[in-house]
Each structure stands twice: as C-alpha cells, then as structure tokens.
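One structure below.
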Amino acid sequence: MSENIPAKPVLLTGASGNLGRSLAKDLAAAGWTLVLTDIAPFPDPVPPGCRFVRADLNDGMTILRLAEGCGMILHFGGVSTEHPFETVLGPNIRGLHHIYEAARREGARVLFASSNHSIGFHERSTKLDDDCEFRPDGFYGLSKAYGELMGRLYWYKHGVENVNVRIGSCFPEVADARMLSTWLSYADLTRLCMRATLAEKTGHCVIWGASNNSRTYWGHDSREAIGWLPQDSADPFAAQMQGKVSDNPVQERYQGGSYTVMDYTRKTPAP
Ligand code: 15L
C-alpha cells in the first residue's frame, strides 16, 4: 500500500456539504477508502472505494458503528453557520461527543473542522497565534470553541489525537475584501486533511485553516509538525476585492465579520 494512503478507512462526516463533497471527491481520487455520512442524502454519485450511510450525529450508536475499523475521523458534520442555541446543541455538542467516543473506542485520530468564529471577536488588526483567547462571535462559534476543548480533554485523558482546524472562509473563490485574509482554497483544505491523517503523530494541535494570504490575521500554529504548507493565495484577487466591504463598523472591526453583528445588542463599542 502507498505511503500516501492511510492503512485504515477514514470516516468523513458532513459528507453532503460543500466541503465534504469536495473532500470525498479528492480523497477518493487519491485512492482512499472512505465511509461517508451526513444527515442529508449524498447529492453526487458515491465515488469508487466509498460507501455512504445517512445518519444523525445525535444517534451515538450509529456513529460508533460507522467508525468501526476507521483510523481517522474527518469531522465536518454539524451546523456550519450561526443558528439559535437549541439548533446548535444537538449536532455540534452532543454529536461531537459521539464522534470523540467513537474515536476513543477505535483508537482513531480526529480532524475537527473548527472555525474562525471561535475567535471572531478579536480585532482584525491583532495577529493571533494558536494559543490566543477564545472569543466566539455566536452560538456556532461557541460550539467550535467547546469542540476544541473537547479535543483537549480526550487527548489528555484518553490519548485521542486531534487536529483542530480553525477554518477561515473555505469557498471555491474569494468573494469579498475580508476573504483576502481568511480564504482557504479547496485544494489547500484537501492537502491539510491528507497531512493531518498521514502525519506520524499530532497530539492535540490547532491549525489556522487559511491559504497563503499575505493579509492574514493569523500567525503561529502546528502546520510544520504535520507537514502542511498552503500553496494557494487570495493575493491575486486583491484588486478585484477593493471596496467589497460592509458599511457596518462592528463587522469591519472584528475578524468574524458578519457573524459578530448578528443579534448584536451592545449599545457602546467594546473598549
Ligand atoms: C464559517 O465558519 C462558515 O462555515 C462559513 O459559511 C463562512 O461563514 C466562514 O465561516 C467565514 O467566516 O467566512
């Protein structure tokens, strides 16, 4: 077996979402054996070497069964944008616990698709390292901070390795001026998932999920330890994105952008 193909199958949750579909396609094309799952049907033909099982992250028994024999869980499932607390609670908190219990039982590693919204209330002018304070900008970002902490718990208590990727803006194209700092190309995401899976060891670590953007908000992380270097960049889109900003000073002040102003009721600007 090639050294670029994991010895055991990989469980990919959130497989029917945009990032999941792209990963399923790329990893299957690289010859990986994948177990795909999502609460929504898989909208594409299931790639060769893969099987798809529709499942709810709230259903712990099914998650345990899906992970059987897997050496890696790429966890992209759950709510992926801001929602009321009750909507986030099941998939992102209870569901994540099911993922970690499955990883613990299988001795599998987890890649957790965290988000920049776990730190969204840091100012854009501050360059952050991976050990910065969590400053979630909503219930979604809060669930991502909780998820990273769950990873830390399972590493120290059970030795479950986990790579927490604080994804910036992972889209096919750069769409606004903020993304000149936060954009992550699909290809860089695929390479990151490959390295997180194939690296000899990871422990518990955090990686900023952004391409090689010179306007980045983010600094030190564990990329070198797993051998990932982003190859794409938002820089060539800079001229096109000029003026693509909002007219909201709060949104423009903070890294989390539009999420920071959803249900924002503060009367005076934070110091
Ligand atoms: C995220 O975490 C979301 O999943 C995605 O839809 C974008 O909103 C992204 O953050 C972003 O901040 O651009």
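Order of appearance sets the numbers: ligands from 1, and atoms from 1 within every ligand. Source: prediction; values computed, not measured.
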Are a donor atom and an acceptor atom from the side chains of D26 and T190 found within less than 3.5 Å of each other? yes

Taking it one step at a time, do T197 and L74 satisfy side chain to side chain contact (heavy atoms under 4.5 Å, CB included)? CA-CA 9 Å; T197 306; L74 300 173; 3.9 Å; yes

Which protein N or O atoms sit under 3.5 Å from any N or O of ligand 1? Give each pair with its distance.
unit_1   : atom_1 : unit_2 : atom_2 : d
ligand 1 : 2 (O)  : S115   : OG     : 2.8
ligand 1 : 2 (O)  : Y140   : OH     : 2.7
ligand 1 : 4 (O)  : S80    : O      : 2.6
ligand 1 : 4 (O)  : Y140   : OH     : 3.3
ligand 1 : 8 (O)  : Y259   : OH     : 2.9
ligand 1 : 10 (O) : H117   : NE2    : 3.1
ligand 1 : 12 (O) : N116   : ND2    : 3.0
ligand 1 : 12 (O) : H117   : NE2    : 2.7
ligand 1 : 12 (O) : R178   : NH1    : 3.4
ligand 1 : 12 (O) : R178   : NH2    : 2.8
ligand 1 : 13 (O) : S169   : OG     : 2.6
ligand 1 : 13 (O) : R178   : NH1    : 3.1

Closest contact, heavy atoms only, C170 versus S185: SG-O, 4.2 Å

Identify the residue among H220, R166, R223 that makes a side chain to side chain contact (heavy atoms under 4.5 Å, CB included) with V206. R166

Who else is in the cluster with V174 when I, L, V, M, F, W and Y are joined by side-chain contacts under 4.5 Å? F171, M179, L180, W183, F237, M241

Fit a plane to each ring of H117 and Y259, take the angle between them on a 0 to 90° scale, and name the class: parallel (under 30°), tilted (30 to 60°) or perpendicular (over 60°). parallel

